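Atoms within each ligand, like the ligands themselves, are counted from 1 in listed order. The shown structure was predicted, so the numbers you read here are calculated from the model rather than taken from an experiment. Both backbone and side-chain heavy atoms feed into the values below; hydrogens, waters and symmetry mates do not.
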Amino acid sequence: MSNAAQDPRPACVIVGAGGHGRVVLDILLAARRYRPMGFLDSNPALHGRRMDGVPILGDLSAARELRAQGIRSAVVAIGDNGVRRQFAAELEDAGFELINAVHPSANLARTVTLGRNVVIAAGALVCAHCQIGDSVILNTGCIVDHESMIGTASHVCPGAKLAGRVTVESGAFIGIGATVLQGLRIGCEAVIGAGAVVVQDVEALTTVVGVPARVLRSSPDYEEFAEMMVPPALREVLTARSR
Ligand SMILES: CC(C)(COP(=O)(O)OP(=O)(O)OC[C@H]1O[C@@H](n2cnc3c(N)ncnc32)[C@H](O)[C@@H]1OP(=O)(O)O)[C@@H](O)C(=O)NCCC(=O)NCCS
């Protein structure tokens with residue numbers, strides 16, 4: 001670890017001291033743009049320990065104190081899409097700037113746009129005009145081909161391949177080694193099983209597996225979920241109209 005007093009790079013905190021946290025630490029050290037000064041993790045058994053030389057300082061409740069000490073930058077390194085999105089919101093609330101962790105061996109076309117709190121692991125390829133949303137993970141060696149859109153807090157696992165003009169909606173999970181053919185849409189919170197080859201659109205909250213991919217399960221809560229996705233103000237208007 002570099003000496004904090006002599007290191008001019010901005011300090012940053014990593015939220016999540018599990019396996020993905022370890023990967024994100026490695027990315028930040030390789031990229032050399034920020035100085036990782038500590039982890040936060042909700043598991044009290046880890047507090048006071050170190051992982052790969054970096055101290056685990058406490059849980060998310062320590063974030064405000066760190067912010068008060070002048071630490072401005074943070075990244076959430078948690079695999080669960082919902083928790084990652086939630087923690088990102090809490091950190092922004094606490095006044096942190098959410099940074100991106102992009103491995104130097106990842107290859108991003110010049111026209112790619114990135115949100116905040118994005119993690120792009122070693123060897124990932126992201127081609128022309130892709131749009132990558134907030135809190136997305138593009139994991140080791142994945143391929144995201146031209147003009148694809150990857151929605152907030154989704155995860156493209158190691159070695160997964162998305163052909164051109166694929167849309168991945170918010171919170172979706174594309175399993176390790178899966179393939180999605182060109183132009184398809186993967187719905188909100190859908191799960192694509194490891195190694196699947198997706199040949200048609202996948203509905204929200206649906207899990208598909210196999211080659212070609214078939215539905216393993218589809219959430220019975222789809223209507224409830226769709227309702228939840230309507231902003232409260234609009235819901236009031238729609239309810240008033242239906243009376
Ligand atoms: C798709 C997945 C989420 C399903 O998990 P699950 O709900 O626990 O499903 P189960 O293990 O109960 O399996 C249910 C059935 O689907 C089959 N199945 C599960 N995953 C499969 C896959 N990836 N491909 C083909 N069939 C699969 C099982 O063999 C089982 O079949 P059966 O009913 O005929 O016995 C999971 O298997 C998967 O592929 N996860 C992705 C893991 C990954 O990519 N990790 C990388 C993290 S970085």
Give the atom numbers and elements of ligand 1 that come within less than 4.0 Å of a heavy atom of [X].
X      : result
Pro158 : 48 (S)
Gly175 : 44 (O)
Cys157 : 46 (C), 47 (C), 48 (S)

Among all protein heavy atoms in this structure, tell me which lies nearest to [atom], with the distance rounded to 0.1 Å.
atom                    : result
atom 38 (C) of ligand 1 : Ala194 N, 3.9 Å
atom 16 (O) of ligand 1 : Leu216 CD1, 3.5 Å
atom 44 (O) of ligand 1 : Ile176 N, 2.7 Å
atom 41 (C) of ligand 1 : Phe173 CE2, 3.7 Å

Any donor-acceptor N/O pair, Arg9 side chain to Arg32 backbone, under 3.5 Å =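 Judged by distance alone, yes, a pair lies under 3.5 Å.
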key: Short side-chain to backbone donor-acceptor contact, Ser170 and Gly151, under 3.5 Å   =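 Between the backbone of Gly151 and the side chain of Ser170 there is no qualifying donor-acceptor contact (under 3.5 Å).
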Check this for me - ligand 1, [X], N or O atoms closer than 3.5 angstrom, yes or no?
X      : value
Val191 : no
Ile192 : no
Arg217 : yes

Evaluate the 4.0 Å heavy atom contact test for [atom]: does a protein atom fall under the cut-off?
atom                    : value
atom 12 (O) of ligand 1 : no
atom 1 (C) of ligand 1  : yes
atom 34 (O) of ligand 1 : no
atom 23 (N) of ligand 1 : yes

task = Count the heavy atoms belonging to other residues, nucleotides or ligands that lie under 6.0 Å from CD of Glu97, then report whether that count exceeds 12.
result = yes
task = May I ask you to check whether over 12 heavy atoms, not counting those of Gln200, lie within 6.0 Å of atom CD?
result = no
query = Which option out of Val211, Val156, Val23, Val209 puts a heavy atom nearest to atom 27 (C) of ligand 1?
reply =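 That would be Val209.
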